[in-house]
Structure formats: structure tokens, C-alpha cells
Asker: 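Pasting in a structure now, in C-alpha cells, and then I'll have a few things to ask.
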Amino acid sequence: MSARAAARRPGLNRYRFLRIFWRVVLLLVVAIGSVIFILPFVWMVSTSFKATDEVLRFPPIWIPASLRFENYIEPWARLPFSTYYKNTITVVALNLVGTLLSSSLVAFGFARLRFRGRNILFLILLSTMMLPSQVTLVPTYYLFAKLGWVNSLRPLIIPVFFGSAFNIFLLRQFAMTVPLELDDAAKIDGCGYLATYWRIVMPLMRPALGVIAIFQFTNDWNDFFSALIYLNSPKNFTIALGLRTLQSTILYVPMQQVMAMTLITMIPVLAVFLIAQRKFIQGIVITGVKG
Amino acid sequence: MSMVAQTRTYRGMTATTREKVDGYLFILPWILGFLIFTIGPMIASLYFSFTDYSLLEASKWVGLDNYTKLFTNDPKFGISLSVTFRYALVSVPLGLVLALLVAMLLNQKVPGIRFYRTAFYLPSLLGGVALTLIWMWIFSPAYGLLNSFLRLFGVEGPLWFQSQVWALPGLIIMSLWGVGARMIIFLAGLQNIPDHLYEAAEMDGAGTTRRFWHVTIPMLTPTIFFNLIMGVIGSLQTFAQAFIATSGGPNNATLFYALYLYQNAFQYFEMGYASALAWILFAVILVLTLVVIRSSPMWVFYEGTLRK
């Protein structure tokens, strides 16, 4: 509309002025909004380097007089944070292998092979995504208790090796876009289905595999509930659980140390995101568009 | 090729039989997982919901007692349901509107856009524990960032998580910080709207407002639909935030349903009762999801279909 108006009345007119005005407003809103969203992070980092008297001060200060790295070292020495880290990395690494293998196998089956009941089974798979985990909570706990797996990392790892509905769905949608002619060609070359899956389809699914790897990584890294119910002794704690013990009143950990440890535990997730940012967005485009 | 397919056999099987057998083998991991971790536990949990069961002793059949107690003799059930509904009713729509607003802003050509997108998205990567710890400090009544800010204007802020009135609003504000996950889905949806629709609307003389209501919103309804369902299901299962920030208090003001269920199962060891609670939750989620899905033909617009 304004373009047509500008054509009719050349020069700096009211419409062009309005256009520039709104762009400036837009830029300001975006800038202020993102500052508000970043502020809690800045507040956390700033607090994590403060001395106690600087934490308890009004008006708050943003830049502490000196950077107190003790806030990081002390709680790290006091609580077995390196053990928490090790446990979390174990869970995350094994779950990555588990979900990539099992979900892609199942997705390949659903996308490329014809067998009776395939569509109904796939529908069942989709509907399980709506089931709240609380429904299966008690019996699952009972099962792991009977197996003697409570207070070990196994309940956090083993179920992942059976594939997750969301990941299977995502990979199946992606596998459907790989041309079937490739399978036929592989068959003529004497490949069985397993070889076709591994040599032809898997390499082509790499973008989608990257996406579910990132999702799985963030979910497992942040997972609190399973850790809370299955892990009892600190030597088995994951990071999410270890972090929570910081606010226990018996321990009394000062705020600057809580913030320091919080920051330390989120660095891997933030780093993975910043490195793989493009893949991440791409994955959301694949998953989000389905509606 | 068909000759090959018919004559080539594998352990005596024809090609089609082999495809069938291999098909089941490929999906076997999921079938096993489904039996062991979904359908088996579902049946067991339905059974437990009719029993008195503490994990230590054998379960005792009590018929409908758990369900009767829920509806007639447990005020906390009603409280937790009401807390959860109030949270969902405010945080889901507010989150959707905010996510859409931010997505539309970030869909413009603005210098430094990648930085801004990252800024809005980053918080949604945090887990419940880290997120809650940061906000407990922001909401800290005496020295927290928020009340310090309010004090600049001479306003003494509330006690937030220690206040019966402000604890739930506090958790809602906290949830809005994680709006980036939904925002990025909206952004993907916005970028899928073809330019020619906007151009056509402009030709017809539609201004910005009309283009928004008649092009953007209809084309975005599938994304809104997706975000709405995920938002409802997620908010009804809120747990970590309340568990860490308030433990359900003060005076049950933030006793979320999932938290009350957890308390029954793992603090009071009322596993049968917790299972009954879980089935009620499932029923609620099912009904709400069905309502959204059933209503969708009236407001969700899929490209290539026309509303009658």
C-alpha cells in the first residue's frame, strides 16, 4: 500500500516517514525484549562471582569488585559434582546410542517394509505419545524394583533402547522421503534389508538423526523426574538431582555458589545448541510443521 | 526382476514372506518396549487403582474405594486439580500469544536477527531444576532482581514463592521465560506462508491488520493447534518447578496435580491411590485433547481444503 503511495508522490512523504518510524519502533521492541530474556542469565553470571555482602545489597550491583572463582571451586569440592557429571554423561552417551539405533530400525521398518497390521501399529505408536507417563509410573517402578535396578542408572537408560515414539515418528517421516528406487537397486545388488537400512537409508537420514540426537541430549541432560524417583545415593546422582540438593537447608549453600553450580551444569546444553544451531532449527521445521 | 524376486528365497521363504518377517523384526524393539513399558504397566496400573498397595506389602483389592475417596473425601484432590487448571488456563494462552508475538517480530528483516532469535530461544533449553533455581533467586523477596527493580518505583514487591497469593503467578511468569520453544515453531510456521498470499491481499487493498487476521492467522492455525495441544498436555503435568520452588506450598497454593500424585506414590506410599490419580489425569487429558481435536475443523485451516 505504502509502496504504491510512494510511487504516486515521490520524495520523503508521510508514508515513508511512517514506515521508517515503525521500523525503529520494531527494532526497539525486539532489542528490549531480548534484553529482558537475557537478563536472568546475566544476573546469574554476575551473582556467581560476587562476595556475600555484594549479593545482599540494594540497589543490586551488576559487576562485582573482584571475580570470586572460589564460588565455583568450593561447592565443587564440597559435593561430588564430578561424579554427578560422570553419571549424567554416562546416561546421555548410552541413550544417544540407544535411541539412534532402535528408533531408526523401527522407523525403517514402518517406512520401507510392507507387513500386515503396519498401519494400525503405527497408529498405536502415535497414540502412545498422548499417554501421560504418570499412568505407567507405579508398575514401572515396581518392575525396576523387582529387577533390583532401583538406585542404579539402568532405569534411566534401558527403556531408551526400545525406541521412543516421538523419535520413531520423526525418523519415519524423514525415511518416507528417501526414494524407494534406492532400495530396489540395493536389492538387485544382493543387499538384504538390514544392509539396505545400514548402508543406504541410514547415511541419507543423517540430518534427521542429528536432530533427534540433539533433542535426546537436552532431554536426558535436564531430566529430573526419573532421577528423583530411581536414584537414592549421591554416588548415583545425575546433575539435575545434584543441583537440587544445593537448596537443601541442612547444607546451607550461599546463593552465589548455587548460581555458580547452576551455570556450570547448563554449559554443555548451551554449547551443543550454539554449535548445532542450524540443525536444531531445521529439526523444528520438520517436527513443527506436521500440525 | 519379478523372476528374481520369486525365485530368490531366503531360508526357504519367498520375497514377500521375507519382507513381512523382516518388517516385524525391524519394529521388534518398539513392540517389546510397548508391551513391557506401556501396555503391561497400563493394565497393572488400572488394577492397582482398585487396590490398597504400598509396594512393601501385597496389594489388597478395595474396589472403587480409591475413586470414591478422590471425589468425596480428599480436599487435596480438588485443590490440586484447581491449581493445575488455573495454571494451565493462564499460562497456555498467555504463552501462545507471547510466542506468536515474538515470532512475528523475529520474522522481520532486522539487523542482528540471529542474535535476537538465540536470545529468545536460549531459556527454553534449560531443565526444570536450573530454571527454578535461577528464578528463586530473581523472586527472592529482599534482594532478588524483580523486587529490587520494583523498589526503584517505590513499590514493595510481594513475597512471591512464599506468598499464598503470588506463588502461582510467579510460576506462570517463570513459564513465560521458556516461551522460546513454542516461538520457534511459530517462526517455522510463519516462514511457510507463501509470499503471494500477502501480495494478493495487498492488491485487494488489505492493510496490515487485515492481512494479519485474514492471511497470517488462518495459515497459522495448524501450528496454533499443535502448540495448543502440546501446551495443554505439558502444563497439566507440571512437576519440577513446583517441587523445587515451593514443594506445593504455601498452604497448598501450588499443589500441582503431578506433585500431589508423586507425594502419594513416593512419600505416603499410597501406590494404589496414586494410580487412581494417574487414571483421572489421563481421562482429563484425553477429554481436553479430544475437545481440541473435535473443534479443530471449525478453526484449523489446512492448505488445499476449503471450509464449508
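The sequence lines fix the lettering, A, B, ..., with proteins before strands; numbering per chain opens at 1.
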Asker: Before giving the answer on side chain to side chain donor-acceptor pair (under 3.5 Å), spell out for A/Gln277 and B/Arg114 the whole-Å C-alpha distance, their side-chain angles and the decisive distance to 0.1 Å.
Answerer: CA-CA 10 Å; A/Gln277 206 170 11; B/Arg114 276 199 48 194; 3.2 Å; yes

Asker: How about B/Trp30 and A/Ser102: does a side-chain donor come under 3.5 Å of a side-chain acceptor?
Answerer: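 Not at all, the side chains of B/Trp30 and A/Ser102 share no donor-acceptor pair under 3.5 Å.
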
Asker: For B/Tyr262, is it the side chain, the backbone, both or neither that has a heavy atom under 4.5 Å from a heavy atom of chain A?
Answerer: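 For B/Tyr262, the contact with chain A is made by the side chain alone.
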
Asker: For B/Phe149, look at atom CZ and say whether over 12 heavy atoms of other residues, nucleotides or ligands are found less than 6.0 Å away.
Answerer: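 Result for CZ/B/Phe149: open.
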
Asker: Please work out whether the ring planes of B/Phe243 and B/Phe239 are parallel, tilted or perpendicular, with thresholds of 30° and 60°.
Answerer: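 The rings of B/Phe243 and B/Phe239 lie parallel, inter-plane angle below 30°.
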
Asker: Given a strict heavy-atom distance threshold of 4.5 Å, which part of A/Arg118 is in contact with chain B: side chain, backbone, both, or neither?
Answerer: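 A/Arg118 has no heavy atom closer than 4.5 Å to chain B.
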
Asker: Contact part of B/Leu106 toward chain A, heavy-atom cut-off under 4.5 Å: side chain, backbone, both or neither?
Answerer: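 Side chain of B/Leu106 only, per the 4.5 Å heavy-atom cut-off to chain A.
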
Asker: Please walk me through it: do B/Tyr116 and B/Gln108 pass side chain to side chain contact (heavy atoms under 4.5 Å, CB included)?
Answerer: CA-CA 11 Å; B/Tyr116 294 126; B/Gln108 310 289 323; over 6 Å; no

Asker: Could you tell me which portion of B/Leu125 (side chain, backbone, both or neither) has an atom closer than 4.5 angstrom to a non-hydrogen atom of chain A?
Answerer: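 For B/Leu125, heavy atoms of backbone and side chain both lie under 4.5 Å from chain A.
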
Asker: I'd like to know if the side chain of B/Trp279 pairs up with that of B/Ser45 as donor and acceptor (distance under 3.5 Å, no hydrogens or angles considered).
Answerer: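 Short answer, yes.
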
Asker: Given heavy-atom pairs under 4.5 angstrom as the criterion, report whether the side chain, backbone, both or neither of A/Val55 touches chain B.
Answerer: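 The answer is both parts of A/Val55.
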
Asker: Heavy atoms only, distances under 4.5 angstrom: which of A/Phe162, A/Phe161, A/Trp43 has the most pairs with chain B? Name it, please.
Answerer: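 Top count of heavy-atom pairs under 4.5 Å with chain B: A/Trp43.
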
Asker: Counting heavy-atom pairs under 4.5 Å to chain B, which of A/Thr128, A/Ile36, A/Ile239, A/Leu228 comes out on top?
Answerer: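 Maximum pair count with chain B is reached by A/Leu228.
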
Asker: If you count heavy-atom pairs under 4.5 Å between each of B/Leu145, B/Leu281, B/Leu46 and chain A, which one has the most?
Answerer: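 Among the listed options, the one with the most contacts to chain A is B/Leu145.
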
Asker: Could you tell me which portion of B/Phe282 (side chain, backbone, both or neither) has an atom closer than 4.5 angstrom to a non-hydrogen atom of chain A?
Answerer: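 Contact with chain A is through both the backbone and side chain of B/Phe282.
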
Asker: Mind running side chain to side chain contact (heavy atoms under 4.5 Å, CB included) on A/Leu246 and A/Leu243 for me, showing each step along the way?
Answerer: CA-CA 6 Å; A/Leu246 288 180; A/Leu243 202 56; 3.8 Å; yes

Asker: Select one option (side chain, backbone, both, neither) describing which atoms of A/Leu56 are under 4.5 Å from chain B's heavy atoms.
Answerer: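 Both the backbone and the side chain of A/Leu56 come within 4.5 Å of chain B.
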
Asker: Heavy atoms only, distances under 4.5 angstrom: which of B/Pro111, B/Gly40, B/Gly33, B/Gly112 has the most pairs with chain A? Name it, please.
Answerer: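 Looking at each of B/Pro111, B/Gly40, B/Gly33, B/Gly112 in turn, B/Gly33 comes out on top.
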
Asker: Pair up each side-chain donor or acceptor in residues 132-146 of chain A with any protein partner under 3.5 Å, not counting sequence neighbours, and list the distances.
Answerer:
from     : atom 1 : to       : atom 2 : distance (Å)
A/Thr136 : OG1    : A/Ser133 : O      : 3.2
A/Thr140 : OG1    : A/Thr136 : O      : 2.4

Asker: If you count heavy-atom pairs under 4.5 Å with chain B, which of A/Leu39, A/Leu125, A/Leu270 comes out on top?
Answerer: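 Answer, by heavy-atom pair count under 4.5 Å with chain B: A/Leu125.
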
Asker: Please flag which part of A/Leu263 lies under 4.5 Å from any non-hydrogen atom of chain B: side chain, backbone, both or neither.
Answerer: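 When you check distances to chain B, no heavy atom of A/Leu263 falls under 4.5 Å.
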
Asker: Strictly under 6.0 Å, is that where the ring centroids of A/Tyr193 and B/Phe26 end up?
Answerer: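 Judged by ring-centre distance (under 6.0 Å), A/Tyr193 and B/Phe26 do not meet the cut-off.
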
Asker: Which bit of B/Phe266 comes within less than 4.5 Å of chain A, counting heavy atoms only: side chain, backbone, both or neither?
Answerer: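 Only the side chain of B/Phe266 comes within 4.5 Å of chain A.
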
Asker: In terms of relative ring orientation, are B/Tyr24 and A/Phe115 parallel, tilted or perpendicular, with 30° and 60° separating the classes?
Answerer: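 Taking A/Phe115 first and then B/Tyr24, their aromatic rings sit tilted (interplane angle of 30° to 60°).
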
Asker: Apply side chain to side chain contact (heavy atoms under 4.5 Å, CB included) to residues B/Leu126 and A/Asn222 and explain how you reach the verdict.
Answerer: CA-CA 7 Å; B/Leu126 301 191; A/Asn222 292 332; 5.8 Å; no

Asker: Within the side chain of B/Arg182, is there an N or O that forms a donor-acceptor pair under 3.5 Å with the backbone of B/Asn227?
Answerer: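 Not at all, since once roles are kept as given, no pair shorter than 3.5 Å links the two residues.
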
Asker: Heavy-atom distances under 4.5 Å only: say whether B/Leu122 touches chain A with side chain, backbone, both or neither.
Answerer: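 When you check distances to chain A, atoms from both the backbone and side chain of B/Leu122 fall under 4.5 Å.
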
Asker: Ring of A/Phe224, cation from A/Arg244 - is the NZ or CZ under 6.0 Å from the centre and inside 45° of the axis?
Answerer: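 Output no; distance or angle outside limits.
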
Asker: Pick whichever of B/Gly128, B/Pro41, B/Gly127, B/Ala274 has the most heavy-atom pairs under 4.5 Å with chain A.
Answerer: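 The option with the most such pairs is B/Pro41.
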
Asker: Counting heavy-atom pairs closer than 4.5 Å to chain A, which one of B/Ser296, B/Ser148, B/Gly144 comes out on top?
Answerer: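 The option with the most such pairs is B/Ser148.
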
Asker: Need one label for B/Glu19: side chain, backbone, both or neither, based on atoms under 4.5 Å from any heavy atom in chain A.
Answerer: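 For B/Glu19, the contact with chain A is made by backbone and side chain together.
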
Asker: Is there a side chain to side chain donor-acceptor pair (under 3.5 Å) between A/Asp183 and A/Thr196 once you walk through the steps?
Answerer: CA-CA 6 Å; A/Asp183 290 24; A/Thr196 312; 5.9 Å; no

Asker: Non-hydrogen atoms of chain A under 4.5 Å away: do they reach the side chain of B/Met136, the backbone, both or neither?
Answerer: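 For B/Met136, the side chain is the part near chain A, not the backbone.
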
Asker: Give the member of B/Met230, B/Gln237, B/Met271 that has the highest number of heavy-atom pairs under 4.5 Å with chain A.
Answerer: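 It is B/Gln237.
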
Asker: Given that the side chain runs from C-beta out, which part of A/Ile168 has a heavy atom under 4.5 Å from chain B: side chain, backbone, both or neither?
Answerer: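 Side chain only.
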
Asker: Give, as side chain, backbone, both or neither, the part of A/Trp22 having an atom under 4.5 angstrom from any heavy atom of chain B.
Answerer: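 Looking at A/Trp22, nothing touches chain B.
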
Asker: Counting only non-hydrogen atoms closer than 4.5 Å, does B/Phe48 touch chain A with its backbone (N, CA, C, O), its side chain (CB onward), both, or neither?
Answerer: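 Side chain only.
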
Asker: Set out, in order, the CA-CA distance, both residues' side-chain angles and the distance that settles side chain to side chain contact (heavy atoms under 4.5 Å, CB included) for A/Leu26 and B/Val110, then state yes or no.
Answerer: CA-CA 9 Å; A/Leu26 176 79; B/Val110 175; 3.8 Å; yes

Asker: Relative to chain A, which segment of B/Thr289 carries a heavy atom at a distance below 4.5 Å: side chain, backbone, both, or neither?
Answerer: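 The side chain, not the backbone.
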
Asker: Report, one line per pair, each donor and acceptor closer than 3.5 Å where one atom sits in a side chain of residues 253-261 of chain A; sequence neighbours left out.
Answerer:
from     : atom 1 : to      : atom 2 : distance (Å)
A/Gln256 : NE2    : A/Thr52 : OG1    : 3.0
A/Gln257 : NE2    : A/Glu74 : OE1    : 2.9

Asker: If we ignore angles and hydrogens, is there a donor and acceptor under 3.5 Å between the side chains of A/Ser104 and A/Tyr197?
Answerer: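 Their side chains do contain a donor-acceptor pair, which is all the 3.5 Å distance test asks for.
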
Asker: Could you look at A/Ala107 and say if it's the side chain, the backbone, both or neither that has a heavy atom under 4.5 Å from chain B?
Answerer: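 Neither part.
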
Asker: Which atoms of A/Phe108 come close to chain B, meaning under 4.5 Å heavy atom to heavy atom: side chain ones, backbone ones, both, or neither?
Answerer: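 Contact with chain B: side chain only.
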
Asker: Out of A/Val35, A/Thr218, A/Leu121, return the one with the most heavy atom pairs under 4.5 angstrom to chain B.
Answerer: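 Looking at each option in turn, the highest pair count goes to A/Leu121.
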
Asker: Please identify, among A/Leu241, A/Val29, A/Ile158, A/Ile124, the residue contributing the most non-hydrogen atom pairs under 4.5 Å to chain B.
Answerer: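 Heavy-atom pairs under 4.5 Å are most numerous for A/Ile124.
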
Asker: Specify which of B/Phe186, B/Trp177, B/Tyr53 makes the most heavy-atom pairs with chain A at under 4.5 Å.
Answerer: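 Result: the option with the highest number of such pairs is B/Trp177.
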
Asker: Go through A/Thr265, A/Leu274, A/Asp223, A/Thr47 and name the one with the most non-hydrogen pairs under 4.5 angstrom from chain B.
Answerer: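 Most pairs with chain B among the choices: A/Thr47.
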
